[in-house]
Amino acid sequence: MVTTDLAAATEHYLDLIGRADEYGAVDLVLGLIDEGVPAEDALLRVVAAGQRRVGELWASNEWTVAREHGATAVSERVVAAVSGRVRPAATRGRVAVACADGEYHALPARIMAEVLRLRGWRVDFLGASVPGPHLITHLHQTGPDVVALGCTLATRLPRAHATISACQAVGVPVLAGGAGFGADGRYARLLGADAWAPSADAAADRLAAGLPSFPAAHDGAAAARLGGEEYAYLARHRAELLSRVMDRLGDDTGEDLGHIADYLIAAMYVHDPALFTGFVTWTCQVLAARNVPAESVVRGLRALHDVLTDCPDTRLVLDEGVAAACADQRAETRV
């Protein structure tokens, strides 16, 4: 029986990737496997767990973006090393694993691909930001049993929806996964995915049990309302709107405003203000860790509100965003 302390191993792993020590991180994880730790546990309980801490440390401003990116690059190397060390025979069907078009956070999908391989699936890992038409061409050429589609950022949901529909149109079901589909998979269900899984091992369990799992609960009426006139206007005029807001604010907050606009557009696509207010709250907390007051977010939201005179529903969502930012500001003041 293996008694390795994986929590302690994860802390060691975090220290190694935080120092961009590729050889040390690879040796640690392969060493765990040599000691008898299942490769799946090494991937999920050490590598993936370490990466979650990386995100938390960046959000709290304890790690720089460069250190975060360096750590992620090391983890990609580690996952590749595990794939090279443990090569189970394919005993199940074939899965195409891809990230939604525009989604560049590929490591979670890569880890899922390796877990599926370990469970006996033949896996085509297609990487980050796979354009829908190219994915469909791959499906025609290889004939997988299912597509596993990753989406980390909710801003990619409209493209993910197009991909899901295209895959199903050629007869291939889609298993959705990743934070972009919502913590409970609500957007995967709304976009019509055949199934959703919150983690790599849950995805493997779901595939082993067979697809699909969503249709009985699928909200066809809600799906029919996806998008709409205001969403189309926002998506088409994003750059122009941001330029007008920047002129009003007269400061250098373009990157943050761009993210805010993208989440606003995504929220209007799925008609869920909570998607937007959740991002606003998270943004305020990330900025607070960098000594930037939530008032800067409020100013940006109000400027967007002022220029969107022909979008009444969007202005209501922005009002909710302002309320969320102000609530976070009050909480910050009390602290």
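Excluded from the calculations below are hydrogen atoms, water molecules and symmetry mates; all remaining heavy atoms, backbone and side chain alike, are included. Residue indices begin at 1 and follow the sequence shown.
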How far does SG of Cys99 sit from CG of Leu135, to the nearest 0.5 angstrom? 11.0 Å

Looking at side-chain heavy atoms only, is the closest gap between Val130 and Thr163 below 4.5 Å? no

CA sep, side-chain torsions, deciding dist, call: Glu114, Ser83, side chain to side chain donor-acceptor pair (under 3.5 Å): CA-CA 7 Å; Glu114 296 309 323; Ser83 178; 3.2 Å; yes

Rounded to the nearest 0.5 Å, the CZ atom of Phe276 sits from the OG1 atom of Thr281 at a distance of 10.0 Å

Would you please name every residue forming a side-chain contact (heavy atoms from CB on, under 4.5 Å) with Asp21, sequence neighbours left out? Leu16, Arg19, Tyr23

If you define the side chain from C-beta out and look only at heavy atoms, does anything of Thr137 sit under 4.5 Å from Pro133? no

Ion pair Asp184/Arg189, N-O distance below 4.0 Å: no

Trace of the salt bridge (Lys or Arg N to Asp or Glu O under 4.0 Å) decision for Arg119 with Glu40: CA-CA 9 Å; Arg119 297 278 190 103; Glu40 182 173 320; 2.9 Å; yes

Are any of the side-chain heavy atoms of Leu57 and Leu14 separated by less than 4.5 Å? yes

Determine whether a donor-acceptor pair (N or O, by modelled atom type, separation under 3.5 Å) exists between the side chain of Ser296 and the backbone of Pro293. yes

Which pair of non-hydrogen atoms, one from Tyr13 and one from Gly50, has the smallest distance, and what is that distance? CD2-CA, 4.4 Å

On a heavy-atom basis, which atom in Ala81 and which in Val26 lie closest, and how many Å separate them? CB-CG1, 3.8 Å

Leu44 side chain reached by Ile111 side chain, heavy atoms, under 4.5 Å: yes

So Leu226 and Val270, do their side chains get closer than 4.5 Å, heavy atoms only? yes

Would you say that more than 12 heavy atoms from the other residues, nucleotides or ligands in this model lie under 6.0 Å from the CG of Asp310, or not? no

Carefully, step by step, assess Leu249 and Leu257 under the rule side-chain contact (heavy atoms from CB on, under 4.5 Å). CA-CA 11 Å; Leu249 295 175; Leu257 280 172; 3.5 Å; yes

Report the C-alpha distance between Glu295 and Arg299 in whole Å, list the side-chain angles of each, state the deciding distance to 0.1 Å, and finish with yes or no for salt bridge (Lys or Arg N to Asp or Glu O under 4.0 Å). CA-CA 6 Å; Glu295 177 58 28; Arg299 289 176 59 238; 5.3 Å; no

Is any side-chain heavy atom of Asp313 closer than 4.5 Å to a side-chain heavy atom of His271? no

Go through the steps for His305 and Asp319 under the test side-chain contact (heavy atoms from CB on, under 4.5 Å), then give the verdict. CA-CA 8 Å; His305 186 281; Asp319 288 340; 3.3 Å; yes

Where do Arg85 and Val82 land on the side-chain contact (heavy atoms from CB on, under 4.5 Å) test, with the steps shown first? CA-CA 5 Å; Arg85 174 64 66 86; Val82 172; 5.7 Å; no

Point-to-point distance, once rounded to the nearest 0.5 Å, from CG of Leu153 to NE2 of His259: 9.0 Å

Can Tyr269 and Leu190 be said to form a side-chain contact (heavy atoms from CB on, under 4.5 Å), step by step? CA-CA 11 Å; Tyr269 187 77; Leu190 186 62; over 6 Å; no

Any sub-3.5 Å donor-acceptor pair from Arg156's side-chain atoms to Cys151's backbone N or O? no

Would you list the pairs meeting side-chain hydrogen bond (donor to acceptor under 3.5 Å, both in side chains) in which at least one residue belongs to residues 88-97, sequence neighbours left out? Arg94-Asp124

Examine distances only and state if a side-chain atom of Glu68 and a backbone atom of Trp58 form a donor-acceptor pair shorter than 3.5 Å. no

Do you know which two heavy atoms are closest between Pro144 and Val172, and how far apart they sit? O-CG1, 4.1 Å

With a 4.5 Å cut-off on side-chain heavy atoms, are Leu275 and Leu157 touching? yes

So, do Arg53 and Thr10 sit near enough that their side-chain heavy atoms are less than 4.5 Å apart? no

Is a side-chain N or O of Gln168 found less than 3.5 angstrom from the main chain of Val174, in a donor-acceptor match? no

Inter-residue atom distance Leu6.CG - Leu32.CG, 0.5 Å rounding: 6.5 Å

Taking atom CZ of Arg248 and atom CZ of Arg244, what is their separation to the nearest 0.5 Å? 7.0 Å

What pairs with Phe279 under ring pair (Phe, Tyr, Trp, His ring centres under 6.0 Å), at least two apart in sequence or on another chain? Tyr263, Trp282

So which heavy atom on Arg110 is nearest to which on Ala80, and how close? NH2-CA, 3.9 Å

Arg87, CZ atom: more than 12 neighbouring heavy atoms under 6.0 Å: no

Minimal non-hydrogen separation, Thr152 against Pro108, with atom names: OG1-CG, 4.3 Å

More than 12 non-hydrogen atoms from neighbouring residues, nucleotides or ligands closer than 6.0 Å to CD on Glu229, yes or no? no

Answer yes if Leu191 and Val170 sit in the same cluster of Ile, Leu, Val, Met, Phe, Trp and Tyr residues linked by side chain heavy atoms under 4.5 Å apart, and no otherwise. yes

On a heavy-atom basis, which atom in Glu62 and which in Ser60 lie closest, and how many Å separate them? OE2-OG, 2.7 Å

Under a 4.5 Å side-chain heavy-atom rule over Ile, Leu, Val, Met, Phe, Trp and Tyr, are Val65 and Leu287 clustered together? yes

Backbone N/O of Tyr231 and side chain of Arg236: donor-acceptor pair under 3.5 Å: no

